[in-house]
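Just so you know, these numbers use all the heavy atoms, side chains as well, and skip hydrogens, waters and symmetry mates. One-based numbering, in listed order, for ligands and for the atoms of each.
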Amino acid sequence: MTPVIQLIKKQIIPEQLNNSPVQFQVYTEHQLDKIEALKQLSEQQRFEMKVVAKVLPFRVNQYVIDELIDWNNIPADPIFQLTFPQKGMLSKADFDQMAEALRSDADRHLIQQTVNDIRHRLNPHPAGQQLLNVPQVEGKPLQGIQHKYRETILFFPSQGQVCHSFCTFCFRWAQFIGDKEMRFSAREAEQLHKYLQANKGISDLLITGGDPMVMKTSHLAAYLTPLLQPEFQHVQTIRIGTKSLSFWPHRYVSDADSNELLILLKKLVRAGKHVAIMAHYNHWKELATPTARVAIRRLRETGVVIRTQSPLLNHINNDPDVWAKMWHEQVRLGMTPYYMFVERDTGACRYFEVPLARAWKVYREAIQQVSGLGRTARGPSMSAGPGKVEIQGIAEIKGEKVFVLRFIQARNPDWVQQPFFAKFDPEATWLDQLKPAFGEDKFFFQDEYETMCMRQTGSKVY
Ligand SMILES: *Cc1c(COP(=O)(O)O)cnc(C)c1O
């Protein structure tokens, strides 16, 4: 039997789980020593984790530890890599500096200074997120909203700026390190509603974080229910970005307000909204537990659509067979594959990034293995300053090897779907490392993009 068939055999969704509440238990940096499963590791390995967890956010819950990680396959297990800090996530120099500060029992100020210095070297705000995209109402910048693409806004509700566990590769890691000036937050639903009311061209609201599904249902309702009023008719789609289906599926099964959450979603759907759960899945293992499957089924019964996305990550899913199996399973469970992302140039990217050429090969070999219903996943896509740039392929044109690229989404809608070309570079991992092909000195969008950046920020941002 092939592994996929084996999985299907085991994959009958239980009709009903025992619905008694499961306690949410979570561990952060200061509780690493309390995690029973880590006691099998050496003193040295645990120290390495503590060094990295000083710099990059760490948070893991008992469900992930007990049901998603295979502790007989440490450290290679993909979910272990996804949630637990690894030495290679920092450069050798940064790691040594941090380790030295901890070992020498330096005073708190020196340790904190070391932490801050290293964090600032890790490009905490990629693609000019904090400078570009911040909308204004009555001349004042709105905290907690980003408006980059004409039809879609991102909203970061302040109570949703944490997750049920943290991903080691997170591109928004700088939001979670307690440094106020690095954090997006939105105090008020009112500001969101005002902005939406004033901008009738916005059809899509994307609520994100952190993870909005850590919020109580009553908080979510305060943001969402008003959108059923006629003045918000133009907001057709409500997307909720979440990793809860992977990290805490009990959110839809047995939490105290699980049923209220499902009722809220159903109400939005019945009222004519397209509600899309943008589910982050990095590996098919996250789909394989009984609770995860019941959660998916209960969500789908409300009428929401579940779309799935993930970056391509070395040490986690750098393998076409892993993607093929994941997409295959997602389609079978009624979900729609949406994006394969390229890991962004921030945080622990050194550890996770793969060359663009490799990313395209993984995408292609994975797509070839699934039916048309799984080929709705677009990518590999870089969410860069100018927009989402997809690597469509590698070709040879008039004797020159090139990347064929296109915008899936762009600051200027006119850039979308126009093929453009970059010199092939086997090492390149991000857009800013690519050079235009055929001896051109600029990409077609470059002048206009630089003008936009100058206008908004007074400097160039890639
Ligand atoms: C991806 C993204 C969106 C949504 O784009 P779609 O192509 O509609 O999925 C919106 N805003 C930002 C900043 C994004 O990165």
Side-chain angles (χ1 to χ4, degrees), residues 123 125-135 141-157 160-161 167 169-175 184 186 192 195-196 199 201-212 234-243 273-281 304-312 335-346 375-392 405-418 430-432 445 449 452-453 456-457 461-462:
N123 187 23
H125 303 292
Q129 280 182 79
Q130 273 200 330
L131 297 167
L132 293 165
N133 320 328
V134 178
L142 279 185
Q143 291 301 306
I145 295 181
Q146 280 184 39
H147 194 176
K148 179 170 177 177
Y149 305 128
R150 190 178 49 186
E151 63 278 2
T152 308
I153 62 163
L154 306 192
F155 177 59
F156 299 77
Q161 300 313 305
C167 299
F169 64 80
C170 182
F171 76 95
R172 293 205 181 122
W173 64 276
Q175 276 168 250
F184 298 104
L192 169 69
Y195 189 71
L196 287 172
N199 292 275
I202 298 171
S203 60
D204 285 44
L205 166 65
L206 172 40
I207 304 184
T208 183
D211 193 325
H234 57 295
V235 184
Q236 294 169 13
T237 302
I238 298 165
R239 305 192 214 178
I240 303 175
T242 183
K243 182 116 186 137
K273 301 291 185 192
H274 177 129
V275 180
I277 304 298
M278 307 305 291
H280 295 237
Y281 283 112
V304 303
V305 178
I306 308 175
R307 298 182 192 275
T308 63
Q309 56 190 34
S310 167
L312 171 56
M335 300 186 270
T336 306
Y338 191 59
Y339 278 138
M340 174 197 274
F341 288 117
V342 177
E343 170 66 351
R344 287 201 194 186
D345 52 342
T346 179
R375 294 182 190 175
T376 49
R378 287 169 301 167
S381 167
M382 291 174 273
S383 279
K388 284 188 169 65
V389 176
E390 185 188 62
I391 300 143
Q392 293 217 276
L405 307 166
R406 66 153 174 165
F407 280 101
I408 294 173
Q409 184 58 278
R411 278 179 195 283
N412 178 347
D414 195 45
W415 300 345
V416 172
Q417 288 291 13
Q418 190 167 317
W430 196 250
L431 184 63
D432 61 355
F445 57 88
Y449 176 57
M452 289 174 176
C453 292
Q456 287 192 40
T457 70
V461 186
Y462 225 114

Item to check | Part of Asp204 within contact of ligand 1 (heavy atoms, under 4.0 Å) | outcome: neither

Next on the checklist: Considering Arg307, Lys388, Gln309, Arg378 one by one, which has a heavy atom nearer to atom 2 (C) of ligand 1 than any of the others?
Outcome noted: Lys388

Next on the checklist: Which residue and atom name correspond to the protein heavy atom nearest atom 5 (O) of ligand 1, and how close is it?
Outcome noted: Gln409 NE2, 3.6 Å

Checklist entry - Does Tyr339 reach ligand 1 with a nitrogen or oxygen that is under 3.5 Å from one of the ligand's nitrogen or oxygen atoms? => result yes

Next on the checklist: Is the positively charged end of Arg378 above the ring of Tyr338, judged by distance under 6.0 angstrom from the centroid and angle within 45° of the axis?
Outcome noted: yes

Next on the checklist: Angle between ring planes, Phe407 versus Trp415, binned at 30° and 60°: parallel, tilted or perpendicular?
Outcome noted: tilted

Checklist entry - Within the structure, does Tyr149 bring an N/O atom to less than 3.5 angstrom of an N/O atom in ligand 1? => result no

Checklist entry - Do ligand 1 and Lys148 have nitrogen or oxygen atoms that lie under 3.5 Å from each other? => result no

Checklist entry - ligand 1 and Gln146, any nitrogen or oxygen pair closer than 3.5 angstrom? => result no

Checklist entry - Can you name the residues that form a side-chain contact (heavy atoms from CB on, under 4.5 Å) with Thr242, not counting sequence neighbours? => result Asp211, Met213, Ser244, Tyr252, Ile277

Checklist entry - Measuring from the heavy atoms of Leu154, does anything fall under 4.0 Å of ligand 1? => result yes

Checklist outcome for this item: At under 4.0 Å between heavy atoms, what of Glu151 touches ligand 1? The answer is neither

Item to check | Distance from atom 9 (O) of ligand 1 to nearest protein heavy atom, with residue and atom | outcome: Tyr338 OH, 2.7 Å

Next on the checklist: I'd like to know if the side chain of His147 and the backbone of Tyr149 have a donor-acceptor N/O pair within less than 3.5 Å.
Outcome noted: yes

Checklist entry - Hey, is Arg239 one of the residues with a heavy atom under 4.0 angstrom from ligand 1? => result yes

Checklist entry - Nearest heavy-atom pair of Lys388 and Phe341: which atoms, and what distance? => result CE-CE2, 3.7 Å

Checklist entry - How would you list, by chain and number, every residue that makes a side chain to side chain donor-acceptor pair (under 3.5 Å) with Asn412, sequence neighbours excluded? => result Glu448

Checklist entry - Can you name the closest pair of heavy atoms from Lys273 and Val235 and give their distance? => result NZ-O, 2.7 Å

Item to check | Gln409 and Glu151: CA distance, side-chain angles, deciding distance, side chain to side chain donor-acceptor pair (under 3.5 Å) verdict | outcome: CA-CA 10 Å; Gln409 184 58 278; Glu151 63 278 2; 3.2 Å; yes

